[in-house]
Structures are given as C-alpha cells and as structure tokens.
Amino acid sequence: MKKTVIITLFILILSLMSCSDKRYSSQYWGLFDTVVDVEGYFETEEEFKRADALIHSTLSYYHNLFDIYNDAEFANLKTVNESGGKTLEVSPDLFEFLEYIKEAERMTGGACNPALGAVSSLWKEAIENRTLPNEAFLEEASRHCDINTVVLDKKNLTVTLTDPEVRLDVGAIGKGYAAKKLAEVLRENGFDNVLVNIGGNVTAIGEKKDGESWAVGIKSPTKDENAAVVEISNTNLVTSGGYERGAQIEGAYYHHIINPETLSPAAGHLSVSVMCEDGALADVLSTALFIVSLEEGQEMIKNFDGVEVLWIEPSGEKISTPGLPQEK
Ligand code: ADP
Ligand code: MG
C-alpha cells in the first residue's frame with residue numbers, strides 16, 4: 001500500500017513538472033533569405049532565452065558561411081566563388097560542408113547540383129525581371145557547372161575551383177545542413193522540446209512535450225490550405241515546390257528549381273516533401289526528387305533508410321511512401 005502511494009506521488013510530481021513547461025516562440029528575419037520560426041517548451045523564460053540565443057547565433061554563423069553575396073569575417077562561399085582558380089584555405093566547417101555538397105551531387109545522380117550557380121543565377125535574374133533568360137547565355141553557363149572542378153584537399157583544408165567560372169549555389173542544401181548542425185548543438189546543450197522552421201525546412205528537436213508530437217502542415221501547392229498534416233518528433237520535414245518562388249513570364253509560369261538536364265525549371269511535380277532524421281539529407285532529397293520523375297525518385301530513395309516522401313502531382317494526385325499521410 002505504502003509503495004503504491006509513493007509511486008502515485010512520484011507520477012504526480014513528474015506530471016506537475018512537465019506541466020510547468022511553458023510554450024515560448026520567436027521569429028527571425030533575414031537569415032537564409034527567409035523567415036525562421038522557433039517554438040518550444042521550457043521550464044523558465046531564462047532557459048528559453050538561452051536556447052533562443054543559441055539558435056540565433058548558430059543559424060547566423062551558417063548563414064554567413066554559406067553567403068554568396070556578402071563577405072564574412074572568414075572565408076565563406078563568396079570567397080570560394082571569387083577565388084578565380086587560386087587555391088584557398090578554408091575553415092574545417094566550410095571544408096566539411098564542401099565535402100557534403102559534392103556528396104549530395106553524387107547521391108542524387110547530379111539532380112541536386114550545388115555547382116549549378118552559373119545557370120541558376122540566370123533564372124533568378126529572369127524571374128526578378130520577368131524576362132526569359134537568353135538561350136545562348138544558358139548554354140554557355142551550363143559549361144561551368146561541373147562539381148568535379150571543385151577540388152578539395154583534406155590534408156591542407158583547401159579548395160580549388162579548377163574551372164574558375166564555376167559558381168556554387170547552395171540554396172538547395174544550406175538550410176537543411178544548418179538545421180542538422182543546429183539540432184546537434186541544441187541536443188548537446190540539453191534542449192529537446194524545440195521546433196525550428198527555416199522557411200519551410202522544419203526540424204523537430206525532441207518531442208513537443210512528453211509523449212506528444214508536433215503537428216506540421218504541408219501546404220497545398222494550389223490552394224491556401226494544408227495538403228496534409230504530419231505528426232513529427234525528432235525528425236525533419238522539408239518541402240520543395242515551384243509554387244513559392246517564381247513568376248509568370250510570357251504567359252507561362254517559371255520557378256527557381258532547375259533541372260540540370262534541361263536547364264529549365266523542373267516540371268514534373270507541384271511539390272515534394274521529405275521526412276527523415278537527417279536534416280541535410282531531407283533538404284537535398286526534396287530538391288532532387290522535385291527534379292526527377294516519380295519513377296526515378298522511387299528508385300533513388302531505395303538507397304536511403306528511413307526516408308518518407310509525399311509527391312503532389314500536377315494532376316492533384318498525391319503519392320506517398322507508407323510513413324507520410326495524404327490527409328489534413
Ligand atoms: P527552397 O530554397 O525554396 O527551400 P530548395 O531546397 O528546393 O527550395 O532549393 C532551391 C534552390 O536551390 C534554388 O533557389 C537555387 O538557389 C538552388 N537550385 C536550383 N536548382 C538546383 C539544382 N538542380 N541543384 C541544386 N541547387 C539548385
Ligand atoms: Mg532542398
């Protein structure tokens with residue numbers, strides 16, 4: 001009898017403790033050219049402030065490291081892009097990332113090619129100016145998109161662009177890679193009830209509260225509503241879609257995710273969402289699967305464990321692997 005009372009008391013205290021966790025949230029603008037939303041459950045406001053500062057400083061660091069437009073206090077991707085073929089020494093963090101982007105290109109059979117910058121920048125300009133890119137310029141740019149010309153030396157931590165006209169564009173990978181690193185940092189610091197959404201790249205660090213998952217919506221590419229709602233904890237949910245960044249030019253719609261084979265915006269799907277534990281992989285695969293056909297994509301994901309995918313097709317049809325719902 002006494003034992004039961006003690007156990008009951010213990011459970012009561014535990015549940016009171018978890019009930020004392022309050023929800024906090026914050027939002028940052030300007031990182032990775034998008035908006036970042038943070039929410040989490042913390043015992044005290046001080047705890048939340050500590051986590052919030054850590055999240056902001058970690059994401060700012062990766063934002064600066066991957067910036068191709070602005071200089072940083074250290075060699076970043078702008079420095080690499082402007083190295084003019086000279087060998088450049090980089091930090092261990094940047095070196096590891098450069099290794100990863102080469103790996104990303106390899107594991108997606110070239111569909112996700114972070115060396116596509118010469119071509120993708122022409123499309124970005126085209127979308128901004130609402131004029132189609134010049135075919136001859138696209139053709140010329142496509143000659144400078146070979147990731148194998150990004151040569152790494154692990155011993156000396158250097159990178160050499162053996163084709164100085166190659167331009168890295170890590171729009172397809174940077175957010176997911178930063179999210180993966182952030183999840184590691186947060187776990188190391190004992191935070192494990194946090195949800196971070198970097199412009200649609202959603203990372204759940206732990207559960208929402210004890211035993212509860214976060215409900216995350218996958219937007220419909222055509223209507224202002226969710227196409228599906230997914231329960232997540234300790235994983236990532238990343239969507240690539242043409243519908244968010246694009247423009248109507250000469251009567252047709254063009255967007256920012258480019259098929260390296262056709263040198264034009266990928267046309268096979270309206271959106272592709274990927275759920276998996278590795279945040280960087282989720283980002284890489286969502287872009288790659290958006291580019292390749294459904295059949296090629298289904299083959300590609302056989303190479304990875306624990307990857308779940310939802311394809312939304314131009315017909316409106318939803319196709320998914322067993323771990324992702326098709327409902328709201
Ligand atoms: P978002 O950035 O909207 O989350 P993605 O992760 O799919 O979407 O990345 C798209 C971005 O990646 C583009 O804006 C561009 O900078 C870059 N990009 C476009 N096409 C490719 C490609 N085939 N391979 C690698 N990066 C690409
Ligand atoms: Mg991506």
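Counting starts at 1 for both ligands and their atoms, in listed order. Values in this document were obtained by computation on a predicted structure and should not be read as measured data.
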Trainee: Checking the side chain of Asn81 only, and the main-chain atoms of Leu168 only, is there a donor and an acceptor separated by less than 3.5 Å?
Mentor: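 Side chain of Asn81 to backbone of Leu168: a pair is present.
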Trainee: Looking at non-hydrogen atoms alone, which of Ile257, Thr287, Thr239, Leu116 comes nearest to atom 5 (P) of ligand 1?
Mentor: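 Residue with the shortest heavy-atom distance to the ligand atom: Thr287.
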Trainee: Taking distance alone, with N or O pairs closer than 3.5 Å, would you say Arg245 contacts ligand 1?
Mentor: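 In this structure, Arg245 places an N or O atom under 3.5 Å from an N or O of ligand 1.
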Trainee: I'd like the name of whichever of Glu105, Lys175, Lys124 reaches closest to atom 2 (O) of ligand 1 through any heavy atom.
Mentor: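 Among Glu105, Lys175, Lys124, the closest heavy atom to atom 2 (O) of ligand 1 belongs to Lys175.
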Trainee: Answer yes or no: does an N/O atom from Ser286 fall short of 3.5 Å to an N/O atom of ligand 1?
Mentor: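 Such a contact does not occur with ligand 1.
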Trainee: Listing by chain and number, what protein N/O/S atoms are under 2.8 Å from the Mg ion (ligand 2)?
Mentor: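 Sorted hits: Ala172 O, Asp283 O, Asp283 OD1, Thr287 OG1.
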Trainee: How far is atom 27 (C) of ligand 1 from its nearest protein heavy atom, and which residue and atom name does that atom have?
Mentor: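 Of every protein heavy atom, Ala172 CB, 4.1 Å lies nearest to atom 27 (C) of ligand 1.
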Trainee: Do Lys318 side-chain atoms and Gln326 backbone N/O form a donor-acceptor pair below 3.5 Å?
Mentor: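 Yes: the side chain of Lys318 pairs with the backbone of Gln326.
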Trainee: Has the side chain of Asp37 got a donor or acceptor atom that lies under 3.5 Å from a matching backbone atom of Gln27?
Mentor: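 No.
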Trainee: What atoms in ligand 1 come closer than 4.0 Å to a heavy atom of Ser240?
Mentor: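 Per the distance check, 5 (P), 6 (O), 7 (O).
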Trainee: With no hydrogens and no angle check, just 3.5 Å: does a side-chain donor-acceptor pair link Thr149 and Asp146?
Mentor: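 Not at all, the side chains of Thr149 and Asp146 share no donor-acceptor pair under 3.5 Å.
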Trainee: Among protein heavy atoms, which sits nearest to atom 20 (N) of ligand 1, and what does the distance come to when rounded to 0.1 Å?
Mentor: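 That would be Ile258 N, 3.0 Å.
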Trainee: Yes or no: does Gly200 have any heavy atom under 4.0 Å from an atom of ligand 1?
Mentor: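 Not so, Gly200 does not reach ligand 1.
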Trainee: Please report which non-hydrogen protein atom sits nearest to atom 17 (C) of ligand 1, along with the residue it belongs to and the distance in Å to one decimal place.
Mentor: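 The protein heavy atom lying closest is Asp169 OD2, 3.6 Å.
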Trainee: Would you say the side-chain atoms of Asn156 pair up with the backbone N or O of Thr158, donor to acceptor, closer than 3.5 Å?
Mentor: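 No, the answer is negative, given that no donor and acceptor are paired below the 3.5 Å cut-off.
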Trainee: Ligand 1 versus Ala111, non-hydrogen atoms closer than 4.0 Å: side chain, backbone, both, neither?
Mentor: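 The answer is the backbone of Ala111.
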Trainee: Report the part of Ile173 (side chain from C-beta onward, or backbone N, CA, C, O) that has a heavy atom under 4.0 Å from ligand 1; answer both or neither where that applies.
Mentor: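 Neither part.
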Trainee: Any sub-3.5 Å donor-acceptor pair from Asn129's side-chain atoms to Glu125's backbone N or O?
Mentor: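 Checking the backbone N and O of Glu125 against the side chain of Asn129, a donor-acceptor pair under 3.5 Å is found.
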Trainee: Do we see a donor-acceptor contact under 3.5 Å between the side chains of Glu96 and Tyr177?
Mentor: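 Indeed, the side chains of Glu96 and Tyr177 share at least one donor-acceptor pair under 3.5 Å.
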Trainee: Closer than 4.0 Å to some heavy atom of Pro260 - which atoms of ligand 1 meet that?
Mentor: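 Within the 4.0 Å cut-off of Pro260, ligand 1 contributes 23 (N).
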Trainee: Quick check against the 3.5 Å criterion: does His255 have a side-chain atom that pairs as donor or acceptor with the backbone of Ala266?
Mentor: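 Checking the backbone N and O of Ala266 against the side chain of His255, a donor-acceptor pair under 3.5 Å is found.
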Trainee: I'd like to check which ligand 1 atoms, numbered from 1 as shown, lie under 4.0 Å from a non-hydrogen atom of Asp283.
Mentor: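 Selected atoms, number and element: 6 (O).
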Trainee: Suppose we measure from atom 24 (N) of ligand 1 to each protein heavy atom; which comes out shortest, and what is that distance?
Mentor: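 Closest protein heavy atom to atom 24 (N) of ligand 1: Asn113 N, 2.8 Å.
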Trainee: Hey, what's the ring geometry for His56 with Tyr28, parallel, tilted or perpendicular (30° and 60° as the breaks)?
Mentor: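 Aromatic pair His56/Tyr28 classed perpendicular.
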Trainee: Under 3.5 Å, is there a donor-acceptor pair linking the side chains of Ser293 and Glu296?
Mentor: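 Side-chain D/A pair, Ser293 to Glu296: present.
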Trainee: Ring pair (Phe, Tyr, Trp, His ring centres under 6.0 Å) with Phe74: which residues, sequence neighbours excluded?
Mentor: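 Phe74 satisfies ring pair (Phe, Tyr, Trp, His ring centres under 6.0 Å) with Tyr61 only.
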Trainee: Answer yes or no: does an N/O atom from His256 fall short of 3.5 Å to an N/O atom of ligand 1?
Mentor: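 Yes, His256 has an N/O under 3.5 Å of an N/O on ligand 1.
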Trainee: Answer yes if the side chains of Arg187 and Asn234 hold a donor-acceptor pair under 3.5 Å, and no otherwise.
Mentor: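 Note: Arg187 and Asn234 side chains meet the donor-acceptor criterion.
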Trainee: Under a heavy-atom criterion of less than 4.0 Å, does Glu244 contact ligand 1?
Mentor: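 No, Glu244 has no heavy atoms under 4.0 Å from ligand 1.
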Trainee: For the pair Asn64 (side chain) and Ser60 (backbone), establish whether a donor and an acceptor sit closer than 3.5 Å, ignoring hydrogens and angles.
Mentor: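 Side chain of Asn64 to backbone of Ser60, a donor-acceptor pair under 3.5 Å: yes, one is there.
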Trainee: Looking at Asn303 and Met300, would you say the former's side chain and the latter's main chain have a donor-acceptor pair under 3.5 Å?
Mentor: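 At least one qualifying donor-acceptor pair exists.
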